[in-house]
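Let me begin by presenting the structure, written as structure tokens, before commenting on it.
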Amino acid sequence: MTAEPVQQAVAIATFGLGRSYGSGETRVDALAEVSVQFGQGRFTAIMGPSGSGKSTLLHCLAGLDRPTGGQVFLGDVELTRLTEKALTHLRRDRIGFVFQAFNLVPTLTALENITLPLTLANRKPDQEWLDLIVRTTGLKDRLHHQPNELSGGQQQRVACARALVSRPHVVFADEPTGNLDSRASADVLAFLHRSVREFGQTVVMVTHDPTAAAYADRVLFLADGRLREELVDPTAESVLDTMKRLENAPAAHAISSSNSGAGGNTHPQGGAFPGDNADGGQGPDQTQAG
């Protein structure tokens, strides 16, 4: 008897995702036909030049922005069908956020900021889980300090702890080290990496820094709103080389990253990903429009 390979669950997926702004001659396609999946318990970095669509993609994945085409699934929930009220509840209960600007409440202590998502949801923290997060972030001695009494690195670690306290389905990090020095950046990235390895957390991070991207399991590269390249088990050097090659290359076909990082091309509601052949093989690459 031959054992069948174990397929990793899909945490979040998009199908033909598009986001445009304006109309007519002033229309700008920030995202065009992006189909990609993110495996549960994996760390993915998204990179690309300014205007490539990486932040737009993150915002659509997190339910912060409404796509103008395609679908986004968080597990088996289609975000693109939810009302604004339902999206608000989903973001509060199932998504964690880490922003470049920390976004801490200045009048609250570090501990109060960490537990804020639970307070808003009228939920009590799991004390054992909270203690583990505090211990892992090294914030035990700073819990009763307000943000202005913390360093930038400590504030971002508070933000990371806040993102994890509700045991979210996925954590989205938008340039989480953009305001930090190299040492504080390394601390935050190491924590995000550890949350994946030890806690099974799914992390999706937008970054412009090859060193930050090297902490991830894979890197997706966007250009002109399309997925151009994918790098598995990246190093800072391989990320930088890929960025240089894409910058110097002419416009090319977009790729479909349907099966990367999740061990199989399975739609959250069953069936194959767009672009997959009926026999399970990978279909042809998506072709760039216009």
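Each residue takes its place number in the sequence, starting with 1.
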Should Asp131 and Lys140 count as an ion pair when the cut-off is N to O under 4.0 Å? no

Mind checking the CG-CZ spacing from Leu64 to Arg91? Nearest 0.5 Å is all I need. 5.5 Å

Any sub-3.5 Å donor-acceptor pair from Glu78's side-chain atoms to Phe73's backbone N or O? no

Nearest atoms (heavy-atom pairs only) where Val72 meets Pro67: CG2-CG, 4.5 Å

Gln156 side chain to Pro176 backbone, donor-acceptor under 3.5 Å: yes

Check whether any side-chain heavy atom of Arg228 sits under 4.5 Å from a side-chain heavy atom of Asp224, and report yes or no. yes

Can you confirm whether Leu108 sits close enough to Leu116 that some side-chain heavy atom of one is under 4.5 Å from a side-chain heavy atom of the other? yes

For Gly41 against Val196, the heavy-atom pair lying closest together: O-CG1, 3.3 Å

Just so I know, are the side chains of Val203 and Thr44 near enough to count as touching, which here means a heavy-atom distance under 4.5 Å? no

Do you know which two heavy atoms are closest between Val239 and Met47, and how far apart they sit? CG1-SD, 3.4 Å

Would you say CD of Glu128 has more than 12 non-hydrogen atoms from neighbouring residues, nucleotides or ligands within 6.0 angstrom? no

Indicate yes or no for a side-chain donor-acceptor contact from Trp129 to the backbone of Ser166 under 3.5 Å, with no hydrogens or angles considered. no

May I ask you to test the Thr80-Phe15 pair for a side-chain heavy-atom distance under 4.5 Å? no

Transitively linked via ILVMFWY side-chain contacts under 4.5 Å: Leu31 with Phe172? yes

With a 4.5 Å limit on heavy-atom distance, are the side chains of Phe102 and Leu180 in contact? yes

Between Thr14 (side chain only) and Leu17 (backbone N and O only), is there a donor and an acceptor less than 3.5 Å apart? no

Could you tell me whether a side-chain N or O of Gln201 sits under 3.5 Å from a main-chain N or O of Pro168, the two making a donor and an acceptor? yes

Under a single-linkage definition using a 4.5 Å side-chain heavy-atom cutoff for Ile, Leu, Val, Met, Phe, Trp and Tyr, are Ile12 and Phe97 assigned to the same hydrophobic cluster? yes

Any salt bridge between Glu84 and Arg66, counting N to O under 4.0 Å? yes

Locate the shortest heavy-atom distance separating Asp29 from Arg27; write the atom from each residue and the value. OD1-NE, 2.9 Å

Under the 6.0 Å and 45° cation-pi test, does Arg19 pair with Tyr21? yes

Have a look at Val206 and tell me which of Leu58, Thr56, Leu57 forms a side-chain contact (heavy atoms from CB on, under 4.5 Å) with it. Leu58

Backbone N/O of Gly22 and side chain of Thr26: donor-acceptor pair under 3.5 Å: no

Would you give the length of the straight line joining atom CG of Leu132 to atom CD of Glu198, rounded to the nearest 0.5 angstrom? 8.0 Å

Would you call Leu246 and Met243 a side-chain contact if the rule is heavy atoms closer than 4.5 Å? no

Does Met205 belong to the same Ile/Leu/Val/Met/Phe/Trp/Tyr cluster as Leu220, with side-chain heavy atoms less than 4.5 Å apart forming each link? no

Rounded to the nearest 0.5 Å, how far apart are OH of Tyr215 and CZ of Phe191? 14.0 Å

Under a 3.5 Å threshold, yes or no: a donor from one side chain and an acceptor from the other, between Thr235 and Ser238? yes

Can you tell me how far the CG atom of Asp187 sits from the CG atom of Leu192, to the nearest 0.5 Å? 11.0 Å

Would Arg167 and Asp93 pass as an ion pair if we require N to O under 4.0 Å? no

In short, Asn103 meets Phe99 closest at the heavy-atom pair ND2-CD1, 3.3 Å

Hey, does the side chain of Thr68 reach the backbone of Ser20 with a donor-acceptor pair shorter than 3.5 angstrom? yes

Hey, does the Lys NZ or Arg CZ of Arg218 hover above the aromatic six-ring of Phe38, less than 6.0 Å from the centre and inside 45° of the axis? yes

Is the closest side-chain heavy-atom distance between Asn113 and Thr109 below 4.5 Å? no

Rounding to 0.5 Å, atoms CG (Leu90) and NZ (Lys85) come to a distance of 14.5 Å

Distance-minimising heavy-atom pair for Ala161 and Ile133: CB-CG2, 3.4 Å

Is there a side-chain contact between Val170 and Leu61, using heavy atoms and a 4.5 Å cut-off? no

In terms of ring plane angle, is the pair His193 and Phe43 parallel, tilted or perpendicular, where the classes change at 30° and 60°? tilted

I need the single residue from Asn179, Thr207, Asp174 that forms a side chain to side chain donor-acceptor pair (under 3.5 Å) with Gln100. Which is it? Asn179

Can you measure from NZ (Lys54) to NE2 (His59) and round to the nearest 0.5 angstrom? 11.0 Å

Walk me through whether Glu247 and Lys244 qualify under salt bridge (Lys or Arg N to Asp or Glu O under 4.0 Å). CA-CA 5 Å; Glu247 288 173 0; Lys244 289 180 178 178; over 6 Å; no

Pair Glu149, Arg142 - check salt bridge (Lys or Arg N to Asp or Glu O under 4.0 Å), show working. CA-CA 9 Å; Glu149 300 173 303; Arg142 313 295 289 177; over 6 Å; no

